[in-house]
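Every chain is numbered from 1 and lettered A, B, ... according to where its sequence line falls, protein lines coming before strand lines. Keep in mind that the numbers below use all heavy atoms, side chains included, and drop hydrogens, waters and symmetry copies. None of these values were measured; they are calculated from a predicted model.
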Protein chains: 2
Amino acid sequence: MALVLFLLQWLEAHFIVFNYRLDFFIGSIAIVFTVLGIWLALKLVKPKVETRIIEKEIYIESTPPTAINQTEIANLGISKRELDVLQLMATGLSNEEIAEQLFISLNTVKTHSSNIFLKLEVKRRTQAVEKAKRLNIIN
Amino acid sequence: MALVLFLLQWLEAHFIVFNYRLDFFIGSIAIVFTVLGIWLALKLVKPKVETRIIEKEIYIESTPPTAINQTEIANLGISKRELDVLQLMATGLSNEEIAEQLFISLNTVKTHSSNIFLKLEVKRRTQAVEKAKRLNIIN
DNA sequence: AGCAAAATCACCCGAAAGTATGAAGACAAA
DNA sequence: TTTGTCTTCATACTTTCGGGTGATTTTGCT
């Protein structure tokens with residue numbers, strides 16, 4: 001602002017020189033301040049950012065020698081007992097049968113399977129088994 | 001530009017009125033064109049494009065080229081439609097969702113799955129999927 | 001055309017699965 | 001010791017599955 005005021009003073013002081021060329025003078029003012037405006041805008045306004053999201057498809061071959069993916073299990077936060085249930089689930093056993101196998105109650109199996117579904121982000125046991133096999137959580 | 005020139009003409013035509021207030025006049029010009037500059041900058045500057053690449057993992061069924069066992073399907077007497085249901089069942093869909101996929105009613109899906117269980121000699125859908133995959137009826 | 005298998009759908013009912021919530025003991029880590 | 005996770009179990013409720021039965025329509029084949 002101080003700079004601008006000084007500039008105005010200077011321009012006025014030299015006005016007589018340019019008096020016979022008022023058009024040119026005003027045009028200069030206009031151009032100078034247009035440039036100033038542009039500069040201000042560019043300098044002070046946050047740059048527009050247009051985010052363009054590109055999904056890059058990465059094909060992952062599930063390891064042929066079907067090694068159980070311990071990392072994935074840890075990532076998903078699946079506990080030992082939940083893994084037990086998941087394993088039996090994959091063989092097609094009912095919750096009741098799983099309970100008998102593991103010597104725990106039906107309710108406990110239900111709790112475990114609910115937690116499994118949450119962690120695997122699925123809705124049904126069939127999906128859980130499908131995803132678990134795909135991720136090599138079970139074999 | 002034409003607009004700007006016209007504006008200048010108009011301003012000059014009214015110059016006498018503002019003559020005794022040159023400071024004010026110049027200041028006005030300055031402000032107007034500063035604003036014009038700002039507007040131009042905001043309007044014309046291309047937004048920065050920020051490209052964000054998101055890696056989307058796609059898992060590939062790396063199961064060896066196990067050919068689907070048509071003989072087994074025939075032996076078990078599984079029909080085309082039943083195979084359709086079985087296939088969708090293996091992806092973890094509910095009967096309701098299968099019905100939507102195949103444009104048939106829920107009851108029909110139930111009938112098909114019941115028949116599948118009979119022919120595969122299993123009690124549950126999870127077992128059906130497990131056995132079907134084992135027999136290479138589906139992939 | 002006529003028959004048989006396949007496909008479609010409906011209704012009922014019980015079983016199984018799944019959700020929500022709460023709670024208590026075990027055990028390891030902070 | 002406290003904190004947090006895991007495991008266990010329960011109760012109540014909703015949803016989905018599966019079995020049984022019967023019926024109509026389509027379709028393929030002779």
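As judged by a 4.0 angstrom heavy-atom cut-off over every strand, A/Thr111 is placed among the base-contacting residues. Among the protein residues, A/Thr108 comes within range of the nucleic acid bases, having at least one heavy atom under 4.0 Å from a base atom. Residue A/Ser105 is classed as a sugar-phosphate contact, given heavy-atom separations below 4.0 Å to backbone atoms only. Among the atoms of the strands shown, base atoms are found under 4.0 Å from some heavy atom of B/Asn107.
B/Arg124 is not listed as a side-chain neighbour of B/Phe117, based on a closest heavy-atom distance of 4.5 Å or more. In this structure, A/Leu76 and A/Ile137 have side chains that are in contact, with non-hydrogen atoms separated by less than 4.5 Å.
Between B/Arg124 and B/Gly77, it is B/Gly77 whose nearest contact on DNA chain C lies nearer the 5' terminus. If A/Thr126 and B/Ser79 are placed on DNA chain C by their nearest nucleotide, the residue sitting closer to the 5' end is B/Ser79. Nearest-nucleotide positions on DNA chain D place A/Lys80 closer to the 5' end than the other of A/Lys110 and A/Lys80. Comparing A/Asn115 and A/Leu106 by the nucleotide of DNA chain D that holds the closest heavy atom to each, the one mapping nearer the 5' end is A/Asn115.
Using a 4.5 Å cut-off between side-chain heavy atoms of Ile, Leu, Val, Met, Phe, Trp and Tyr, with links allowed through other members, A/Ile116 and A/Leu106 fall into different hydrophobic clusters.
Across the protein-nucleic acid pair, B/Asp84 atom CG and C/dA6 atom P stand 14 Å apart, rounded to whole Å. With rounding to whole Å, A/Glu96 atom CD is found 19 Å from C/dG14 atom P. Per the geometry, CZ belonging to A/Arg125 stands 12 Å off P belonging to C/dA16, to the nearest Å. If you take CZ of A/Phe117 and P of D/dT14, they are 20 Å apart, rounded to a whole angstrom. Protein atom CD1 of B/Ile116 is 13 Å distant from nucleotide atom P of D/dC17, rounded to whole Å. Spacing between atom CG of B/Leu102 and atom C1' of C/dT8 amounts to 12 Å, rounded to whole angstrom units. Rounded to an integer number of Å, the gap from B/Phe103 CZ to C/dT8 C1' is 16 Å. Residue A/His112 contributes atom NE2, which lies 15 Å from atom P of C/dG18 at whole-angstrom precision.
Relative to the side chain of A/Ile104, the nucleotides C/dC9, D/dC9, D/dG18 differ in distance, and D/dC9 lies closest.
Taking 4.0 angstrom as the limit, B/Asn95 places a side-chain polar atom (N or O) nearer than this to OP1 or OP2 of D/dC17. Phosphate proximity of C/dT19 to A/Ser114: present, with a side-chain N or O under 4.0 Å from OP1 or OP2.
Remark: side-chain polar atoms of B/Lys119 are paired, donor with acceptor, to backbone N or O of B/Gly77 under 3.5 angstrom.
B/Ser105 and B/Thr108 are linked by a side-chain donor-acceptor pair at a separation below 3.5 angstrom, with hydrogens and angles left out of the test.
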